[in-house]
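First up is the structure itself, then whatever we jot down about it.
Because only heavy atoms are used, hydrogens play no part in the values below, and waters and symmetry mates are left out as well, while side chains stay in. In what follows, chains carry the letters A, B, and so on, assigned in the order in which the sequence lines appear, proteins first and then strands, with residues in each chain numbered from 1.
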Number of protein chains: 4
Amino acid sequence: MIKAGIIGATGYAGVEILRILQSHPEVQIAAISSVSFEEQGIDTVYPNLYGIEERKLTHSDEVIAGSDVVFGSLPAGVSEEFAQKCVDRGAVFIDMGADFRLDDEAVYAKWYKQAYKRPELHEKAVYGLTEWNRAEIAKAPVIGNPGCFPTSVALGLWPALMGGLVKTGSIVIDSKSGVTGAGRGLTQNTHYAELNEGFAPYKIGAHRHTPEIEQTLSKMAGTQVQVVFTPHLLPINRGILSTMYLKFADGATLARAHAAYEDFYRKEPFVRVLRAGDIANVKNVRYSNYCDISLHEDAHTGTLIVVAAIDNMVKGAAGQAIQNMNVRFGLPETMGLTMVPPAF
Amino acid sequence: MIKAGIIGATGYAGVEILRILQSHPEVQIAAISSVSFEEQGIDTVYPNLYGIEERKLTHSDEVIAGSDVVFGSLPAGVSEEFAQKCVDRGAVFIDMGADFRLDDEAVYAKWYKQAYKRPELHEKAVYGLTEWNRAEIAKAPVIGNPGCFPTSVALGLWPALMGGLVKTGSIVIDSKSGVTGAGRGLTQNTHYAELNEGFAPYKIGAHRHTPEIEQTLSKMAGTQVQVVFTPHLLPINRGILSTMYLKFADGATLARAHAAYEDFYRKEPFVRVLRAGDIANVKNVRYSNYCDISLHEDAHTGTLIVVAAIDNMVKGAAGQAIQNMNVRFGLPETMGLTMVPPAF
Amino acid sequence: MIKAGIIGATGYAGVEILRILQSHPEVQIAAISSVSFEEQGIDTVYPNLYGIEERKLTHSDEVIAGSDVVFGSLPAGVSEEFAQKCVDRGAVFIDMGADFRLDDEAVYAKWYKQAYKRPELHEKAVYGLTEWNRAEIAKAPVIGNPGCFPTSVALGLWPALMGGLVKTGSIVIDSKSGVTGAGRGLTQNTHYAELNEGFAPYKIGAHRHTPEIEQTLSKMAGTQVQVVFTPHLLPINRGILSTMYLKFADGATLARAHAAYEDFYRKEPFVRVLRAGDIANVKNVRYSNYCDISLHEDAHTGTLIVVAAIDNMVKGAAGQAIQNMNVRFGLPETMGLTMVPPAF
Amino acid sequence: MIKAGIIGATGYAGVEILRILQSHPEVQIAAISSVSFEEQGIDTVYPNLYGIEERKLTHSDEVIAGSDVVFGSLPAGVSEEFAQKCVDRGAVFIDMGADFRLDDEAVYAKWYKQAYKRPELHEKAVYGLTEWNRAEIAKAPVIGNPGCFPTSVALGLWPALMGGLVKTGSIVIDSKSGVTGAGRGLTQNTHYAELNEGFAPYKIGAHRHTPEIEQTLSKMAGTQVQVVFTPHLLPINRGILSTMYLKFADGATLARAHAAYEDFYRKEPFVRVLRAGDIANVKNVRYSNYCDISLHEDAHTGTLIVVAAIDNMVKGAAGQAIQNMNVRFGLPETMGLTMVPPAF
């Protein structure tokens, strides 16, 4: 049994990891921590867990001391310290935040307004988009779990970019996210009466997931890729849907693209390329680790339209983190992650 | 491995059984049927199942022929025929509808406007409120799975009635249900634009679950019990919350009631008596087989207020049916049913 | 033209008054104030008002100095001071809070944990349930606008209690409110991801509207009335629906009750007694000043079930306040309040 | 007083026209018709109208016979007949459907799979985007009211295209609509349990509003414009938000664009160009005739991002139709349309 700990267990990503791990046959929760709720039972913060998981929230040191793997659900800029402590102890650290996602410290510094405190740690860290990076993840001491939007975008565009089916200029990514992506913190924007029956984009031209997206897509394309990325906030709890617009490369067609995607993802357990004509919908992946991808075209402008849907809290956060843990510890990749998305 | 079949697998209860059984370690789906979608893959009707469960919908005869247990998700009045065929073949029939819930044919005839076609079959059938009826369920050939509202009410009031904590007159039950209780059929009332931001009761003084509720409560109390039962339709997908008003019996108090409930349900895996002060909420039981019960009082009128919450599609339908199957086939009662309710 | 001012204009009741008054032909906004947003334009807090009403939020003294009528949307315990200043200046004060609703200071002190600071002011104040108290409202210097729940209950039960159609014991009131009733303040309970798809009661046996309800019903019945009152929080923005259970008096019937209600409310512009068979729904009164009432029975227990629906922000707050202003200033009672509820 | 009639008054656009006209000081409803509900009172179909507007639904001939202006809320292909009858009688016909929106019959035939029956009628008809076409509308016998998506797009892009601020190639329009756009008809996609908590695009690369959008934008740009247009279905009742991506023309900047938009729309009563930094949100225009427009840029790709929000049922349908009626009959353009969008 692997002993798992969670730092920041009362955040939305943290508690979702805790929930999913309840059904993981090879994991035992070692300890969980929270700065705000230390000493309280987790079920007093999340009453859905009453009678199921009532363990007390403790201090992060206790979590690190007792765990083989530590999930850190933390604000930007504070993960390095915990990662270092894990590395020192020989525990694997999986960071749910952004501190280990970017290769280039200058890019990190520009978008997150702070410098690395332990640059050497970043040499050891790997980017945890599981499908993309399995071999590296399998031996990494520190894993930077991808952002939710970048996961939907990278899985959605990988075969097209890799296969040269599209031009790499003028990529438009219009993404929409459920509100759990904004976390447990209270804001006017996520106050029920103000989000309900509303809909709008946010952080236009300025979302921190943009450099992460461009970093991954550029590697996939083998050339520098730039994108316009606009996130929107949906009045639903879970789910990200990215609608992506690309120009077909010369000779490429929707049929060829569809065949390429099906071939590319044939063996991936968590990526579903939909049948021609079907359209990805966040509804069909909720509470599961699937990424649904559908392909379409606007024939009169020569545009490939890729639609990718994930549950932002599962494949976009907790699920992928556990998938990475499975890879890292040599377990079957789907272990504990076979939740079937409900119809309603 | 138990071979399970589902007749009416494209109804909401049917597809929920199918979904939950995907994770049951001792069950193998034998066949599923649908009159409306015969020959289609279930995943074309429910795209959430794409890549997971794509089996074709077939004819009910095939389902019965290949199954040890058959779940029937059918309109009132048509279950007897399928139940008989199962009994003839030695298969267990679990009816999701109302045909085997009422003891008294006259009551059935009054509320469902039709007579039994096979009265002898009803002698063998048992009422499938698992916690109430385990011993009978364990050997029954036909199980009438309880209605969703009656499940919340019966579990919510059982200890109070059994323990003589309340008077049996003047019981008011004000219930609220998510919209999946109305099923897959299209109606103006469940058209998104008309239900959204709306809320109202329906079938006031005339809901068919009333006699089922009174039948069970009367047995629990050991005397004839009458209730006022008013269902309301909530603009949410899942969940029933019943707010129940009873007069304390002489000498009874909230503290005594709370102790009695805790004691009564201590060993029940799926009934959670909340801590004093906490309030049951449909949110905390969604996608799980739990029934949450909280107890309160209005001191100045001597009223015990019991709040019970379930997921109408799980403990109120598919989950309890599988719980009954487990009991019937000698499996651990919680097998395949340990889904943890999500926090969001 | 009447000059109207609003103290606490950025609260939900305050901004709703401001919105409705935009269309009132005999009212001119004099000034609006807010402690939190002083000096900001109201449209920067509520961007729906951009280009329509951009006036600056100022200090309460300015509001009082320039107004014939002042609406106070304030926390419990602070209205007296503003009311006194208005009385001193000869302006009418309409309190949206609870400070002038209760006749008995001891009851106020028990439920609100504080004493009156200016008891003499309460002698002059009247309870602003318009339909009930028109003559008094027409000449009052201070009007205590009713609570949202009490409005739905009082209008719903008045003819039954007045007409002796029901027994006055064992009244159960099960109410459900949209989330705007909780106001603009951020809480975990009203965080979108936590309220969405959830439903539960709150403050069971302990809601502060209970004494207000009992005070009004007792006057209507001409005898002391006690009720069990349980509020629930609905995942919708607007609307209160109260389902009320009463025992028929000897000889009373649903048909008699229906005739009595129709007769009683025939001339009321804002009370709609629905046709027999129709059921009140919050959907049908949203954004309007109507109170819809439907009558039903549970025949086998001799119970009259009254369902009353209002928009909690209009008839339950801002709309009724403006209705009271109309009465107080001798304007047609419906002036500025003829908003037609939308179908969707 | 203008006598107005509505054919298809039980459709969502029809009943919204009826609702708004209740408050129009210069309009009197002459008659309303419905094929499905002939002889019923409109309030039995829409109980929100009970006690307010209870007139009987009659036959279209009666509507035409008694009206100065007839609003037709009809399926594609059947408006011509009604339009002709109006023209014959000298009444103005305002078509809520698509039959009079396209200039080129071949384009209509391609997208709507039918030919014009009365081509000469189309010579007389004008396109009813009020802001764009006032002079023509003022004298037209037949007005083709614009589609909801095209209204948001045309108003959103007009100043940019007219002012040469953007390139006319590679325009991507990602639109999201509330569910009332799909109308009153029941479909699985608009069944509450299936739309709730879901989100997806539809009719990708194939929506019938595409040619209407291109027709208008091409006129505005003075050159042939092609767009990729993708509509999505939001789980909210009202509102369209279009996020539009265009490449800046050489020398153009966000600041210049913002100044140009403000200048262009300064005198328009229903177009609000938001302050720099604010973002258009469907929430802020609901139940009103406003179109909110905000401008943004993605600096690193030289992209102008225009966000336009309207209430699809008001500015996108009923409100604009009444605005056109006002123009046509020489009334103040805002008459009856000054509804203030609510904050919640």
- Distance (rounded to the nearest 0.5 Å) between B/Thr243 OG1 and C/Ile204 CD1: 7.0 Å
- Toward chain B, the part of C/Tyr245 with a non-hydrogen atom under 4.5 Å: side chain
- To the nearest 0.5 Å, what is the distance between NE2 (C/His232) and CG (C/Leu241)? 11.5 Å
- Where does C/Ala280 contact chain B at under 4.5 Å (heavy atoms): side chain, backbone, both or neither? backbone
- Rounded to the nearest 0.5 Å, how far does CG of C/Leu274 lie from OH of C/Tyr261? 12.0 Å
- Query: If you tally heavy-atom pairs under 4.5 Å against chain B, which of C/Ala343, C/Ala309, C/Ala200 wins?
  - Reply: C/Ala200
- Item | Contact leader toward chain B among C/Arg238, C/Lys247, C/Lys283, where contacts are heavy-atom pairs under 4.5 Å | C/Lys283
- Relative to chain B, which segment of C/Glu197 carries a heavy atom at a distance below 4.5 Å: side chain, backbone, both, or neither? both
- Query: Among C/Asn196, C/Thr303, C/Val227, C/Leu195, who wins on heavy-atom pairs under 4.5 Å with chain B?
  - Reply: C/Val227
- Heavy-atom proximity to chain B below 4.5 Å, by part of C/Ile305: side chain
- Note on the structure: Interface check, chain C: of B/Leu234, B/Leu233, B/Thr210, most non-hydrogen pairs under 4.5 Å belong to B/Leu234
- Item | Side chain, backbone, both or neither of C/Arg286 within contact of chain B (heavy atoms, under 4.5 Å) | side chain
- Lys/Arg cation over aromatic B/Tyr287: B/Arg19, 6.0 Å, 45° cone: no
- Message: So, taking the atom named CE in C/Met313 and the one named CD in C/Gln320, what distance separates them when rounded to the nearest 0.5 Å?
- Response: 13.0 Å
- Message: Whether C/Asp174 and B/Lys176 form a salt bridge (side-chain N of Lys/Arg under 4.0 Å from carboxylate O of Asp/Glu) is what I want to check.
- Response: yes
- Does NZ in C/Lys167 sit with more than 12 non-hydrogen atoms of other residues, nucleotides or ligands closer than 6.0 Å? yes
- Item | Part of B/Val228 lying under 4.5 Å from any heavy atom of chain C | both
- Note on the structure: Interatomic distance, OG@B/Ser152 vs CG@B/Asn312, rounded to 0.5 Å, equals 9.5 Å
- Task: With a 4.5 angstrom heavy-atom cut-off, could you sort out which part of C/Val282 is near chain B: side chain, backbone, both or neither?
- Result: both
- Note on the structure: One option among C/Ala299, C/Gly239, C/Gly205 has the most heavy-atom pairs under 4.5 Å with chain B, and it is C/Gly205
